[in-house]
Structure formats: C-alpha cells, structure tokens
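Heads up, the thing below is written out as structure tokens.
In this text the structure is predicted, and so the values were computed from the model without any measurement. Computed from heavy atoms alone, side chains included, the values below leave out hydrogens, waters and symmetry copies.
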Amino acid sequence: MSLRHCRYALWLARSTLVSVKMQRYVGDMIRDDIKAATIAAMKGGDKETTGTLRLVSAAIKNRDIEARTGGAPADDDALVTEVLQKMVKQRRESAELYRKGGREDRAATEETEIAVIERFLPQQLSDADAEAKIREIIAETGASSMKDMGRVMGLVKERLGPSIEPARASALVKAALSA
C-alpha cells in the first residue's frame with residue numbers, strides 16, 4: 001500500500017469516526033425540544049412551565065453525569081425518556097401523598113408539573129394495545145407463572161421501552177401471568 005493510500009485510509013477512518021459521533025446530534029431529539037420549550041416559556045413569561053422545564057434539564061444533566069462513569073448511553077432519547085418517566089412517577093406519588101394529607105393546592109401543583117413533563121414523553125400505548133403486546137411476549141417466551149416475570153419484563157422493556165411506563169407494564173404482566 002502506498003503512502004497516498006495510507007493517508008486516504010486514515011482520513012476516511014477519521015471522517016467515519018466523526019460522522020458516527022455526530023449522529024448523536026443529528027435529528028430531532030427530546031433534549032432539543034425541552035431546550036426550545038424552556039426558551040419559549042421564558043419569553044412567554046410562564047413561570048410554572050419554566051420552573052418545571054429547568055427541573056427537567058437539571059435531572060437530565062445529573063443523569064448525564066451519572067452515565068459518565070458507566071459509559072455513554074446508546075440512545076440519548078432513551079436516557080431522557082427514562083429520566084422523564086422517573087420524574088412523572090415521583091410527582092404522581094407526591095400528589096397522592098399531598099391529597100392524603102389534605103393539601104390539594106400542592107397536589108394540583110404536582111399535577112401541573114406532570115402535564116408539562118408528559119408533553120415530552122413518547123406516545124403511550126393504550127391499555128388494549130399494551131395488553132395485546134404483553135400477551136404476545138408471554139406466549140413467545142412460554143411463561144406460565146410469576147417465576148417467569150423477570151424474563152417477560154426484560155423483553156417488555158426491550159421491545160416496548162418508552163411507550164409504556166415500567167410500573168404499568170409490571171402490573172399488566174402480573175395480571176396476565178396470574179390469570
């Protein structure tokens with residue numbers, strides 16, 4: 001191989017590496033939508049939405065810092081969706097506790113934050129669709145008892161991922177396996 005061919009191969013390898021790294025930034029990502037919505041809320045003077053979106057951005061940044069030690073995630077949208085689902089779950093639990101404590105005003109604030117966060121989550125499956133897909137996975141794996149729940153949940157998370165909340169998926173799998 002000549003020197004010219006070696007240089008070309010090296011250049012090609014570098015450009016391929018750069019293009020692979022840049023694929024992460026190409027396309028419409030949830031993170032970009034959150035930034036744009038934050039700017040729009042600030043310009044519009046919507047303090048509640050701005051505050052919620054800043055909390056979301058901080059949670060995503062914290063998750064990015066945690067991910068540095070474990071390696072970079074394969075899909076950025078999956079990471080952001082995971083963070084958003086966790087935030088929605090926390091707020092639902094808080095709203096329930098506030099209601100039990102007689103603090104309707106705080107529960108309403110939590111539900112307002114849930115509505116803002118859910119705007120950025122992917123479309124959730126309906127109950128009928130989720131049940132049908134879970135039954136397909138159960139039939140495919142041959143699961144018959146609650147002992148097989150871990151295996152079924154692994155496939156549900158892999159295939160349905162962000163389109164169903166983990167707690168809801170778990171409840172549907174339990175119902176299907178116990179029936």
Side-chain angles (χ1 to χ4, degrees), residues 6-44 46-98 106 109-125 130 133-134 137 141 149-173:
C6 288
R7 286 181 182 163
Y8 177 74
L10 184 61
W11 173 82
L12 186 62
R14 281 188 196 147
S15 64
T16 304
L17 180 63
V18 169
S19 67
V20 168
K21 286 182 181 178
M22 290 306 292
Q23 282 178 355
R24 177 177 167 197
Y25 301 105
V26 175
D28 195 26
M29 296 190 328
I30 298 172
R31 194 181 295 247
D32 298 333
D33 294 341
I34 292 170
K35 287 179 185 176
T38 304
I39 292 168
M42 286 190 305
K43 286 181 180 178
D46 188 357
K47 292 183 180 183
E48 291 83 21
T49 303
T50 302
T52 302
L53 291 175
R54 284 181 174 165
L55 287 172
V56 168
S57 295
I60 292 170
K61 190 167 288 269
N62 286 339
R63 183 64 176 94
D64 287 342
I65 292 168
E66 290 172 8
R68 285 183 200 162
T69 58
D75 184 18
D76 187 59
D77 280 349
L79 177 120
V80 172
T81 301
E82 178 185 313
V83 170
L84 294 176
Q85 285 177 338
K86 183 177 178 181
M87 291 181 78
V88 168
K89 179 182 176 192
Q90 289 171 342
R91 277 152 184 77
R92 282 197 178 125
E93 291 171 356
S94 296
E96 183 180 322
L97 291 174
Y98 283 134
R106 294 293 301 155
T109 303
E110 295 291 329
E111 288 175 350
T112 304
E113 289 182 359
I114 290 171
V116 171
I117 295 169
E118 283 182 337
R119 290 189 338 211
F120 301 101
L121 283 172
Q123 183 66 34
Q124 297 292 302
L125 290 174
K133 291 187 186 229
I134 287 173
I137 292 171
T141 59
M149 185 167 172
R151 192 169 39 147
V152 173
M153 281 301 295
L155 285 172
V156 167
K157 280 182 81 173
E158 178 184 315
R159 293 188 186 163
L160 304 181
S163 62
I164 187 168
E165 291 180 11
R168 188 169 147 231
S170 176
L172 291 173
V173 168

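Between Ala130 and Leu172, the shortest heavy-atom distance links the atoms CB-CD1, 3.7 Å. Between Ala169 and Val156, the closest heavy-atom pair is CB-CG1, 3.9 Å. Smallest separation of non-hydrogen atoms from Ile164 and Gln124: CA-OE1, 3.4 Å. Contact between Asp64 and Arg31 at its shortest, heavy atoms only, is OD2-NH1, 2.7 Å. Scanning both residues, Asp33 and Phe120, for their nearest heavy atoms gives O-CE2, 3.7 Å. Considering all non-hydrogen atoms of both residues, Arg159 and Ile137 come closest at NH1-CG1, 3.7 Å.
The salt bridge (charged side-chain N to carboxylate O under 4.0 Å, His left out) check on Arg119 picks up nothing, with sequence neighbours excluded. Considering only residues two or more places apart in sequence or on other chains, Thr50 meets the side chain to side chain contact (heavy atoms under 4.5 Å, CB included) condition with Ala41, Met42, Arg54. Evaluation of the salt bridge (charged side-chain N to carboxylate O under 4.0 Å, His left out) rule for Glu118 yields Arg92 as partners, not counting sequence neighbours. With sequence neighbours left out, Glu111 forms a salt bridge (charged side-chain N to carboxylate O under 4.0 Å, His left out) with Arg99. When the side chain to side chain contact (heavy atoms under 4.5 Å, CB included) test is applied to Leu97, no partner is found at least two apart in sequence or on another chain. Listed by chain and number, the residues in a side chain to side chain contact (heavy atoms under 4.5 Å, CB included) with Ser170 are Met149, Met153, Lys174 (sequence neighbours excluded).
Atom CD of residue Glu110 and atom CD of residue Glu96 lie 12.0 Å apart, to the nearest 0.5 angstrom. Taking CG from Asp32 and NZ from Lys35, the interatomic distance works out to 6.0 Å, rounded to the nearest 0.5 Å. Here the CD1 atom belonging to Ile34 is positioned 9.0 Å from the CD1 atom belonging to Ile117, to the nearest 0.5 angstrom.
Taking the side chain as every heavy atom from C-beta outward, Ile30 and Leu84 approach each other to under 4.5 Å. Residues Glu82 and Lys86 are not in side-chain contact: their nearest non-hydrogen atoms beyond the backbone lie 4.5 Å or more apart. Within the 4.5 Å cutoff, side-chain heavy atoms of Arg106 are placed close to those of Thr109.
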> For Leu55 and Glu113, what are the C-alpha separation, side-chain angles and deciding distance, and is it a side chain to side chain contact (heavy atoms under 4.5 Å, CB included)?
Replying inline: CA-CA 10 Å; Leu55 287 172; Glu113 289 182 359; 4.3 Å; yes
